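Taking it in order: structure first as structure tokens, then the write-up.
Keep in mind the model is a prediction, meaning the values are calculated, not measured.
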Amino acid sequence: MKTILITGATAGFGEAAARKFVGGGWNAIGTGRRGDRLKKLQEELGNVFLPLEIDMRDRDAVESLARLDSPWSEIDLLLNNAGLAPPMAELPDSDWDKIETVIDTNVSGLVALTRALLPKLIERKGQIINLSSVAATYPYKGGAVYGATKAFVRQFSLDLRCDLAGTGVRVTSVEPGMAETEFTIVRTGGDKAASEALYAGVNPMTAEDLADLFWWLANLAPHLNINTDELMPVNQSWGGFSVHREG
């Protein structure tokens with residue numbers, strides 16, 4: 001039986017992925033900060049799901065995931081899903097503590113965990129799926145820090161492929177656009193109305209759509225690697241350039 005380790009499994013893409021992979025016959029390890037949600041998910045999925053309350057900013061706790069007891073130590077797929085965004089304030093008006101939390105979670109925690117698990121992933125010729133975003137490529141006002149962290153994840157994924165050449169380990173950067181999860185509610189400090197307004201009439205992607213993509217990537221022939229996968233709902237596209245005119 002194969003095993004997936006999913007960070008940020010308490011909601012959204014991570015929670016949907018846990019259901020998808022357990023339903024497909026895998027063991028799943030789920031991490032997150034909200035232990036009550038992880039426990040509830042274990043009650044639903046059973047003993048093939050291991051809940052671990054871990055904050056991605058806690059380096060010791062993150063690196064301990066490389067020292068789990070068997071059979072949980074036999075990790076075949078790392079889904080680096082945990083991440084968040086600061087409020088959409090322009091940088092001069094932003095809160096440093098929130099910025100630091102985003103960088104520590106989206107960048108430092110992801111790198112620390114990936115580095116710790118690489119020996120096992122190389123041994124098992126496993127796979128890494130990193131959650132980036134279309135924000136890594138397309139800028140928007142108020143997205144400087146979040147977009148930069150996701151650009152880091154994208155480039156980290158590509159360069160990691162170079163480091164792992166010849167090992168059989170696959171690495172993919174998944175870069176989604178508008179998907180309706182708790183992401184915007186968390187970003188706005190719990191403003192559900194703002195989230196509903198953002199997605200109204202868009203027919204956005206869902207957490208289940210992304211879980212289906214993760215499952216497809218995991219079940220490709222082992223000699224195939226998808227380097228990057230950018231996806232959006234059909235109703236989302238790009239805006240034009242912003243031009244400021246003097247006088």
Side-chain angles (χ1 to χ4, degrees), residues 2-18 20-21 26-33 38 50-59 61-66 68 72 75-85 101-122 124 126-136 146-164 167 169-176 179 181-183 186 207 210-211 213-218 225-231:
K2 289 188 174 183
T3 298
I4 181 173
L5 192 160
I6 306 166
T7 64
T10 57
F13 302 159
E15 182 180 13
K20 183 72 178 182
F21 279 79
W26 287 47
N27 287 327
I29 305 162
T31 76
R33 293 178 297 170
L38 292 171
L50 177 66
L52 296 173
E53 187 175 348
I54 287 178
D55 189 323
M56 293 299 293
R57 297 173 295 172
D58 183 341
R59 182 174 171 183
V62 165
E63 292 182 343
S64 74
L65 292 169
L68 297 174
W72 301 106
I75 296 168
D76 299 279
L77 170 54
L78 169 60
L79 176 56
N80 274 317
N81 168 72
L84 70 162
T101 294
V102 170
I103 294 172
D104 288 347
T105 302
N106 295 8
V107 175
S108 300
L110 180 147
V111 174
L113 177 57
T114 303
R115 180 174 176 271
L117 289 183
L118 279 178
K120 179 58 67 175
L121 290 166
I122 291 170
R124 296 180 69 81
Q127 185 172 14
I128 301 165
I129 299 175
N130 292 325
L131 255 293
S132 180
S133 167
V134 294
Y146 176 69
T149 66
K150 292 304 180 179
F152 176 94
V153 171
R154 183 182 196 276
Q155 193 62 41
F156 175 72
S157 303
L158 295 174
D159 284 297
L160 186 59
R161 283 266 289 133
C162 297
D163 288 352
L164 295 174
T167 66
V169 177
R170 297 184 286 172
V171 184
T172 300
S173 172
V174 172
E175 301 161 14
T181 64
E182 292 184 5
F183 179 86
V186 173
L210 270 294
L213 173 60
F214 304 148
W215 180 253
W216 176 74
L217 290 168
N225 191 90
I226 305 299
N227 297 325
T228 61
D229 196 325
E230 178 187 292
L231 62 159

Heavy-atom closest pair, residues A82 and G8: CB-N, 3.7 Å
V111/F152 under side chain to side chain contact (heavy atoms under 4.5 Å, CB included): CA gap, chis, key distance, verdict: CA-CA 10 Å; V111 174; F152 176 94; 3.6 Å; yes
Value rounded to 0.5 Å, distance of CE in M56 from CG in N106: 9.5 Å
Nearest heavy atoms of S157 and N130, plus distance in Å: OG-ND2, 2.9 Å
Closest approach of E53 to R33 (non-hydrogen atoms, all atoms of both residues): OE2-O, 3.3 Å
Test item: R154 and E230 side chains (from C-beta on) under 4.5 Å apart, heavy atoms: no
Qualifying salt bridge (Lys or Arg N to Asp or Glu O under 4.0 Å) pairs with a residue from residues 7-18, counting only residues at least two apart or across chains: E15-R19
Heavy-atom closest pair, residues S132 and E175: CB-CG, 3.6 Å
L110 and T7: CA distance, side-chain angles, deciding distance, side chain to side chain contact (heavy atoms under 4.5 Å, CB included) verdict: CA-CA 9 Å; L110 180 147; T7 64; over 6 Å; no
Spatial distance of atom CG (L65) from atom CG (L52) [nearest 0.5 Å]: 6.0 Å
Residues that D76 engages under side chain to side chain donor-acceptor pair (under 3.5 Å), provided they are two or more places apart: R124
Shortest non-hydrogen contact from P176 toward L210: CB-CD1, 4.2 Å
Spacing of L77 atom CG and W215 atom CH2 [to the nearest 0.5 Å]: 10.0 Å
Listed partners of N227 passing side chain to side chain donor-acceptor pair (under 3.5 Å), at least two apart: R161, N225
Counterpart residues, side chain to side chain donor-acceptor pair (under 3.5 Å), relative to T114 (two or more places apart): N80
Derivation of the side chain to side chain contact (heavy atoms under 4.5 Å, CB included) call for V153 and L131: CA-CA 7 Å; V153 171; L131 255 293; over 6 Å; no
Qualifying residues under side chain to side chain donor-acceptor pair (under 3.5 Å), relative to S133, sequence neighbours excluded: none
Test item: T172 side-chain N/O and I226 main-chain N/O as donor-acceptor pair under 3.5 Å: yes
Residue list, ring-ring contact (aromatic ring centres under 6.0 Å, His included) with Y146, at least two apart or on another chain: F183
Separation of L118 CG from I128 CD1 (nearest 0.5 Å): 5.0 Å
Distance in Å, I29 CD1 paired with I75 CD1, rounded so as to fall on 0.5 Å steps: 4.0 Å
CZ on R170 to CG on L121, rounded to 0.5 Å: 12.0 Å
Least distance between heavy atoms, A16 atom then A207 atom: CB-O, 3.6 Å
Check: L79 and F13 side chains under 4.5 Å, non-hydrogen atoms: no
Verdict with reasoning, L84 to T101, per side chain to side chain contact (heavy atoms under 4.5 Å, CB included): CA-CA 9 Å; L84 70 162; T101 294; 4.2 Å; yes
